[in-house]
Amino acid sequence: QVQLVESGGGLVQAGGSLRLSCAASGRTFRSWSMGWFRQAPGKERECVAAISIGGGVTRYADSVKGRFTISRDNAKNTVYLQMNILKPEDTAVYYCAAEQDYVVTMRVAEYDYWGQGTQVTVSS
């Protein structure tokens with residue numbers, strides 16, 4: 001069983017930064033592609049960033065390109081999401097997820113394991 005625990009969410013003013021972390025259990029972390037997703041009230045869950053097993057391939061939603069950076073540390077079983085120049089529309093619950101595949105995808109249905117989420121609120 002895989003467990004994912006997010007941290008780092010909070011309240012920040014527009015233009016500010018936050019760094020989310022996702023700690024994963026299991027010795028096969030380096031076998032999973034990882035993604036960060038978000039879901040705002042009344043909206044569907046969407047992928048904002050995804051990263052390959054080795055970290056060499058990353059993908060971003062157009063809405064966050066140039067502002068968010070996904071990275072991973074396989075030695076620490078942790079994936080990160082650095083969020084800069086935050087906007088009120090970035091307000092959402094942010095989830096990390098793991099996909100037991102080497103293919104990097106941004107499709108919600110492809111991910112096998114999910115964390116509980118961490119709230120990010122950006123005030124204007």
Side-chain angles (χ1 to χ4, degrees):
Q1 185 69 16
V2 175
Q3 289 189 327
L4 303 173
V5 180
E6 302 96 336
S7 62
L11 174 64
V12 64
Q13 289 187 333
S17 299
L18 282 175
R19 187 194 196 202
L20 305 183
S21 299
C22 173
S25 65
R27 291 175 289 181
T28 58
F29 176 74
R30 60 188 67 211
S31 298
W32 313 328
S33 296
M34 300 295 295
W36 281 100
F37 295 75
R38 68 186 181 188
Q39 188 165 18
K43 295 188 177 181
E44 292 186 353
R45 190 170 297 190
E46 63 171 348
C47 184
V48 296
I51 189 166
S52 62
I53 291 170
V57 177
T58 55
R59 294 185 178 176
Y60 296 93
D62 289 343
S63 58
V64 307
K65 280 181 182 177
R67 300 188 297 123
F68 290 11
T69 302
I70 188 171
S71 62
R72 66 190 294 164
D73 186 337
N74 286 345
K76 295 182 178 180
N77 281 15
T78 303
V79 62
Y80 305 97
L81 185 68
Q82 178 67 44
M83 305 186 295
N84 298 327
I85 318 175
L86 282 160
K87 305 175 180 180
E89 51 263 45
D90 294 319
T91 295
V93 177
Y94 283 71
Y95 301 88
C96 73
E99 176 197 15
Q100 291 185 309
D101 198 336
Y102 66 92
V103 176
V104 182
T105 178
M106 299 184 73
R107 296 174 59 187
V108 173
E110 297 295 323
Y111 283 78
D112 303 295
Y113 302 100
W114 293 84
Q116 293 299 308
T118 184
Q119 176 70 47
V120 171
T121 303
V122 184
S123 63
S124 58

[atom1] of [X] to [atom2] of [Y]: how many Å apart, nearest 0.5 Å?
X: Ser33; Y: Tyr111; atom1: OG; atom2: OH; result: 6.0 Å
X: Leu20; Y: Gln82; atom1: CG; atom2: CD; result: 9.0 Å
X: Leu81; Y: Arg72; atom1: CG; atom2: CZ; result: 13.5 Å

Could you tell me whether the side chain of Gln119 reaches within less than 4.5 Å of the side chain of Thr91, counting heavy atoms only?
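Heavy-atom side-chain distance check passes, below 4.5 Å.
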
Listing, residues 60-68 side-chain donor-acceptor contacts under 3.5 Å, not counting sequence neighbours, or none:
{"residue": "Tyr60", "atom": "OH", "partner": "Ile70", "partner atom": "N", "Å": "2.9"}
{"residue": "Asp62", "atom": "OD1", "partner": "Lys65", "partner atom": "NZ", "Å": "3.2"}
{"residue": "Ser63", "atom": "OG", "partner": "Arg38", "partner atom": "NH2", "Å": "3.4"}
{"residue": "Arg67", "atom": "NH1", "partner": "Ile85", "partner atom": "O", "Å": "2.9"}
{"residue": "Arg67", "atom": "NH1", "partner": "Asp90", "partner atom": "OD2", "Å": "2.7"}
{"residue": "Arg67", "atom": "NH2", "partner": "Ser63", "partner atom": "O", "Å": "2.9"}
{"residue": "Arg67", "atom": "NH2", "partner": "Asp90", "partner atom": "OD1", "Å": "3.0"}
{"residue": "Arg67", "atom": "NH2", "partner": "Asp90", "partner atom": "OD2", "Å": "3.4"}

Return the set of residues passing ring-ring contact (aromatic ring centres under 6.0 Å, His included) with Tyr94 (not counting sequence neighbours), or none when no residue passes.
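Listed in chain order: nothing, the list is empty.
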
Using ring-ring contact (aromatic ring centres under 6.0 Å, His included) as the criterion, list what pairs up with Trp32, not counting sequence neighbours.
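Applying ring-ring contact (aromatic ring centres under 6.0 Å, His included) to Trp32 gives Phe29.
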
Could you walk me through whether Leu4 and Met34 pass the side chain to side chain contact (heavy atoms under 4.5 Å, CB included) test, one step at a time?
CA-CA 11 Å; Leu4 303 173; Met34 300 295 295; 4.1 Å; yes

Could you list the donor-acceptor pairs under 3.5 angstrom formed by side chains in residues 47-55, with sequence neighbours left out?
{"residue": "Ser52", "atom": "OG", "partner": "Gly55", "partner atom": "N", "Å": "3.4"}
{"residue": "Ser52", "atom": "OG", "partner": "Gly56", "partner atom": "N", "Å": "3.2"}
{"residue": "Ser52", "atom": "OG", "partner": "Val57", "partner atom": "N", "Å": "3.0"}
{"residue": "Ser52", "atom": "OG", "partner": "Val57", "partner atom": "O", "Å": "3.4"}

Is there a side chain to side chain contact (heavy atoms under 4.5 Å, CB included) between Val2 and Asp112 once you walk through the steps?
CA-CA 9 Å; Val2 175; Asp112 303 295; over 6 Å; no

Looking only at non-hydrogen atoms, find the nearest pair between Gly115 and Tyr95 and report the distance.
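For Gly115 and Tyr95, the tightest heavy-atom pair comes out as O-CD2, 3.5 Å.
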
Are the side chain of Arg45 and the backbone of Val108 linked by a donor-acceptor contact shorter than 3.5 Å?
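Answer holds: no.
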
Donor-acceptor pairs under 3.5 Å, side chain of residues 5-19 to any protein atom, not counting sequence neighbours: which ones?
{"residue": "Glu6", "atom": "OE1", "partner": "Gln116", "partner atom": "N", "Å": "3.1"}
{"residue": "Glu6", "atom": "OE1", "partner": "Gly117", "partner atom": "N", "Å": "2.9"}
{"residue": "Glu6", "atom": "OE2", "partner": "Cys96", "partner atom": "N", "Å": "2.9"}
{"residue": "Glu6", "atom": "OE2", "partner": "Gly117", "partner atom": "N", "Å": "3.2"}
{"residue": "Ser17", "atom": "OG", "partner": "Asn84", "partner atom": "OD1", "Å": "2.9"}

Test of understanding: with side chain to side chain contact (heavy atoms under 4.5 Å, CB included), list the residues that count as partners of Glu110, not counting sequence neighbours.
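Glu110 satisfies side chain to side chain contact (heavy atoms under 4.5 Å, CB included) with Glu99, Thr105, Arg107 once adjacent residues are dropped.
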
Are Val104 and Phe37 linked, directly or through intermediate hydrophobic residues, by side-chain heavy-atom contacts shorter than 4.5 Å (ILVMFWY only)?
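In one cluster with Phe37: Val104, no.
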
Kindly check if the number of other-residue, nucleotide or ligand heavy atoms within 6.0 Å of CD (Gln100) is above 12?
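Atom CD in Gln100 is crowded, with more than 12 foreign heavy atoms closer than 6.0 Å.
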
